[in-house]
Amino acid sequence: MGRYTGKTCRLIFMLVITVVFFVAEIVAGYAGNSIALVSDSFNMLSDMVSLCVGLLSARLSRRRGSARCSYGLARVEVVGALSNAVFLAALLFSISAEAIKRLTRPERIDDPFLVLVVGSLGLAVNVVGLFIFQDCRWMCGRARRAAGEKSEEKTVMNGEAGPLAHQAESQQKDTNQSDGQPLNIRGVLLHVLNDALGSVVVVVASVLFYVWPDDANAPCNWKCYVDPSLTLVMVAIILISAAPLMKETTSILLQMSPPDLTVATILEDVSRLAAVVSVHEVHVWELVKDRNVATLHVKVNSEFGKSELRSLYAQIREVFHKAGIHSVTIQVEISDDELDGSLCSNPCMSTGCLKLSCCPTEPTFASGNKGNQSHSLGEVSVDMVDGTKNVLRERDTKQLKGKPTETTKF
Amino acid sequence: MAACEPNRARLLCMLSLTFGFFVVEVVVSRMTSSLSMLSDSFHMLSDVIALVVALVAARFAQRTTATDKNTFGWIRAEVMGALVNAVFLTALCFTVVLEAVERFTEPHEIESPLVVVAVGALGLAVNLLGLCMFRGHAHGGGGHGHSHGGSGGGKKGKKGSKTTTCNNTNSSTAEEETNNLVPGYSTSAERRGRTDSPHGGCADVQINGSAPYDDLEQDHSHDSASQLNMRGVFLHVLGDALGSVIVVINAIIFTFVWQPCEPGIPCINPCVNSHCTDHQHINHTVVGLQDGDHGNHSSSGVMPAQLATAGPCWVLYLDPTLCVIMVCILLYTTYPLLKESALILLQTVPKQIDMHSLNSRLQELEGVLAVHELHIWQLAGSRIIATAHIKCHDPATYMDVAKRIKAFFHDEGIHATTIQPEFVTVNSESRASLCELSCRTQCATKQCCGSADGPKPAEIAAVAGQKAIAAGNAAVASTSAMLEVINESLENAVREQEGKGQGAPRAEQDVVITREVESSL
C-alpha cells in the first residue's frame, strides 16, 4: 500500500533531522561545557532509538511468510509499538526520579539564555516532527474517502447491491480505521511528544530565570521548583496518552478476539446453518489490526459429500466475512454422534495432549441443536465410546474386541 | 493452580521485601540528604515495578480457559510480562549509560560514604536473596516438546518426574497409541481396560480423571511459559544486585582512598572540571603532589602550592566505569530473553520445528494429496498450534486421514491443530497446492497472509444470492473467458443445490469448469 512507503519516508526524514540536531547539540554542549545541552541531546538520542525501532518494524513488517514465520512478520509493528511504549515508560520513570530529586534539592539554571535558545530549537525540531507524522493522515484519509465515494457511484450505476456495496463498505471501514495512525507511528509520535513537552518545560523554566534573574548566592526560591513540578505534570500527561496505545498492542499480542466482534454472535450464526450439527473449539484473533484469523471445528453428519461440504464452507465463510474475518480454517468432523455434539471427534491422541493443546478446559459454545453441556472426563468417556462407532469402522478392531464389557462401565 | 503458587508466593515475598527496602532507602536519604541514596532507591523502585508486572502477568496467565474476549485464555500474559520486563530493563540500562556518560564529564563525590556502604550492603543482601529465590528459572528455556525437563522447586520436581515417566512412554509408543486409543476422551476407560499395557502406571494417574492429572500437565505446560516471566524478574534482580555491588565497592574504595577537601582548609578539587582551570596545569600539580600527600590529611608544608587538593581522581571515574561494565553484562544476559519472548509474540514457528521437513513429511502421509496454508505458531510455553488446508480424495475416507494427520502432528509436539479438508474434483497435480476455498479476492489484503494462495473465483460454491458476488469477482479478474466459466459454474451449482444426488453429469460439468479455468489462467 502506498501508505507504507509514505510512512517509511517520514520516519527516515525525522531520523535524519534528529541525528543532525543530536550531533549539533552534543558538539555545542562539550565545546561550550554546558551540561544542559548534553542532557538535552540525550533526549534526542532516545528519540533516535525509538525512530530506529519504528523504522525497523515498518521495514520488516512487509516481509512475506517464510519457513521461520508462517504468518510473515506482520506483527513486528505491534511488538515495535509496544517496545517503544515500554521504553518511553522507562524514560518517564527515570525523568520523574530526577524531578523528585530536584524537588528535594532544587538547583537553579545557571545560564538561562543558553538553555532558552537550546530549548526553543529543540521545541522547533519536535514540533516539525509532530507535524510530519500528523499531516499525511488527513491527506490519506481524504484520498481514501474519495475513492470510497467513487466506488459507491459505480455501485449505483451498475445497479447491483450486495458485494460492491460490501466493497464500498469495507473501504469506508478502511478509512475509518486508517484515521487511527498505524501502531508504530503512534509509538514514535509519543516519543516526539515527550520530547516536545520536555522542551516546553525547559523553555518555560529558563524564561522565568531569564526574566527574573536571581543572585548567584541567594537560596533557591519558587522558580527552582517550577521545572521539576512541570516535569511531573508532563510525565502524567504522556502516560495518559500512552495508555490507549499500550492497551491496543496488548490486546493484539495476547491473542484477544477483535474488540468490535462478538464471538458468540458469529457462532450462533454458524450453528444456525442447516448442515451444521455443532460448533466447537472456536478461536478468533487478530494478527494485526484489520487482519483477523479464525479457526473452528464443525460437526456434520456423515451424509456429507464434496459439494455439500463446499457449500457449507462457503456459507461459513460468508458468515465470517460479514464479521470482518477473512482467514478462516474450518475443521470438519463427520460424525453421527448425536449425544455429544459439543465434543471434538478429532482431538489429539490422548487426554495427555489436552493440557498441551491451546486451551485445556474450554467451555463449549452454544451449538444450535444441543444445549451447553460441560462434562467431566469420566462422563465424556461413556458417550464417546458409544458415539464414535461410526468413526471406528475403518479402524483395527482387534483392540476393541480384546476389551469386552469394561469400557461400558464408565 | 498448584504450579503457580510457588511462583506467586516468591514474587509476593520479593515484592514486599523490595518495597520495604525502597521505603527505608528513601527515609535514609532524606535523613542524610544523600542524593546517591535517593537514586539507588529508585533502582529499587524499578525492581518493584518489574515485580508488579510479573505478578500481574502470572495472575492473568492462570486463567487458561477460553472466554468470549480471549478465545485462547490468558496464558500469553506471561510471555508479554517477560517482554515488557526485558524492554524495561534495556531502557533502564540505556538511562544508566547516559548518566554514566554525564558522570564522566562531571564527576561527583560521594557524600557520607559510610552510610552508603551500610545501606548498599543491605540492599545487596536483599537482592542476593531474590537471586536465590528466582535462580531456578535463570537458565531455563522455552518449549520442550515431549521432553519434560525438570522444573524448579521440590514439589514441582516430583510431579515433573511423574509426568516424565508417563509421557516418555507415551511418546515412544505413539504409534501404538494411534491404533489402541479410541479417538476422543474415552482414553481413560480404554486404558483401565488394558491392565497389561505399559501405560499401567500412567493409567492410574490419569484415571482418577481430571484433578491430579490435570495438575500434572498443567504444571508442566505452565512451567515453561512462566519460566520466561521469572527470567525477566531474575534479570531485574540481577541488575539491581550488580548495582548494589558497584555502590558498595565504590563507597568502600572512596572511604579508604579518597582524600576529600576538608572544610576550613583551603583546597581545590582538580577532578571537577571548571571553566577557569587549565587541565594541564592541574595535572602537573596533582602529579607533583601525589607522592607526598598520600595518607596525609594535613596538606601544609609539603606542597609547593598553598592549597590542598582532593585525592586521586580516578576514584571518581570508577563509578561510571563500573556502571558501563554492569550495563554490558546486563544487556548480554537480557538479549536472549528479549529475543525469545519477541519471537513468540511475533507468531513465528517455534525453533524446534522445521517447517519444510514437516511439510514434506505431511505430504507423504497416505491420503494427503497436497498441503497448503500451513501455519504453525507458539501460544506460550509448549502449547503449539497449527492450521493447515489438506487436499484429500473424498469425504468417506476423510476421518481416517484426519486421524493420521493428528497423530503426525502429535508426534511433532503439536497438539492443537485445525485441519481444513478440501476435496479435489480432478486429480490434477498442478493445481493440487492451490486453495480451493478462500475469501473473496478483495479480501486478499485483509487475510492473514495477503494473497499467498490465489483465490479461485470460479470455485467458490454458489449459494443462492451469490451471483452478484461472482460478477464482482469477474470484474476483478477481468477476462471474458472467466465470466463464461463463472456463469457456467453458477448455473451448475444452482442445479446442484436443487438436485442433489446427480452423480456423473455433475462431475463432468465440474471437470469442464475446472479445465476452463486452467486454460484461462
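Below, chain A is the first sequence line, B the second, and so on; all start at residue 1. Just so you know, these numbers come straight off a predicted model, no measurement behind them.
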Those residues at least two apart in sequence (or on a different chain) that pass ring pair (Phe, Tyr, Trp, His ring centres under 6.0 Å) with A:Phe93 are none

If you tally heavy-atom pairs under 4.5 Å between each of A:Val78, A:Val49, A:Thr295 and chain B, the highest tally belongs to A:Thr295

In terms of heavy-atom pairs under 4.5 Å with chain A, the winner among B:Ile376, B:Ile405, B:Asn70 is B:Asn70

Shortest non-hydrogen pair, A:Pro258 vs A:Val284, comes out as CD-CG1, 3.6 Å

Bottom line for A:Ser251: the part with an atom under 4.5 Å from chain B's heavy atoms is neither

Parallel, tilted or perpendicular: ring planes of B:His375 versus A:Tyr71, cut at 30 and 60 degrees = parallel

Is there side-chain contact between B:Gln420 and A:Val328, with heavy atoms separated by less than 4.5 Å?
-> no

Of A:Ala85, A:Ser66, A:Ser96, A:Ser94, the largest count of non-hydrogen pairs under 4.5 angstrom with chain B goes to A:Ser94

Original post:
How about B:Phe88 and A:Phe87: are their ring centroids closer than 6.0 Å?
Top reply: no

Taken to the nearest 0.5 Å, the spacing of A:Ser83 OG from B:Leu338 CG works out to 7.0 Å

Could you walk me through whether B:Lys406 and B:Thr417 pass the side chain to side chain donor-acceptor pair (under 3.5 Å) check?
CA-CA 7 Å; B:Lys406 291 275 179 179; B:Thr417 60; 2.9 Å; yes

If one checks every heavy atom of A:Ile252 against chain B at 4.5 Å, the contacting part turns out to be neither

Cut-off 4.5 Å, heavy atoms of chain A, and the answer for B:Thr95 is side chain

So, the part of B:Phe42 with a heavy atom under 4.5 Å from chain A: the answer is both

In terms of heavy-atom pairs under 4.5 Å with chain B, the winner among A:Thr262, A:Leu253, A:Leu45 is A:Leu253

Practice problem: Please examine the side chains of A:Met256 and A:Glu286, heavy atoms only from C-beta on, and report whether any two atoms are closer than 4.5 Å. | Solution: no

When the 4.5 angstrom heavy-atom criterion is applied to B:Leu358 and chain A, the contacting part is neither

Ranking A:Thr329, A:Leu73, A:Val86 by heavy-atom pairs under 4.5 Å to chain B gives rank one to A:Thr329

Cut-off 4.5 Å, heavy atoms of chain B, and the answer for A:Leu82 is side chain

So, the part of A:Val79 with a heavy atom under 4.5 Å from chain B: the answer is side chain

If one checks every heavy atom of B:Thr90 against chain A at 4.5 Å, the contacting part turns out to be neither

**Ring centroid separation B:His415 to B:Phe409 under 6.0 Å** = no

If one checks every heavy atom of B:Leu45 against chain A at 4.5 Å, the contacting part turns out to be both

Cut-off 4.5 Å, heavy atoms of chain A, and the answer for B:Ala86 is neither

*asked:* Under 3.5 Å, is there a donor on one side chain and an acceptor on the other for B:Glu422 and B:His389?
replied: yes

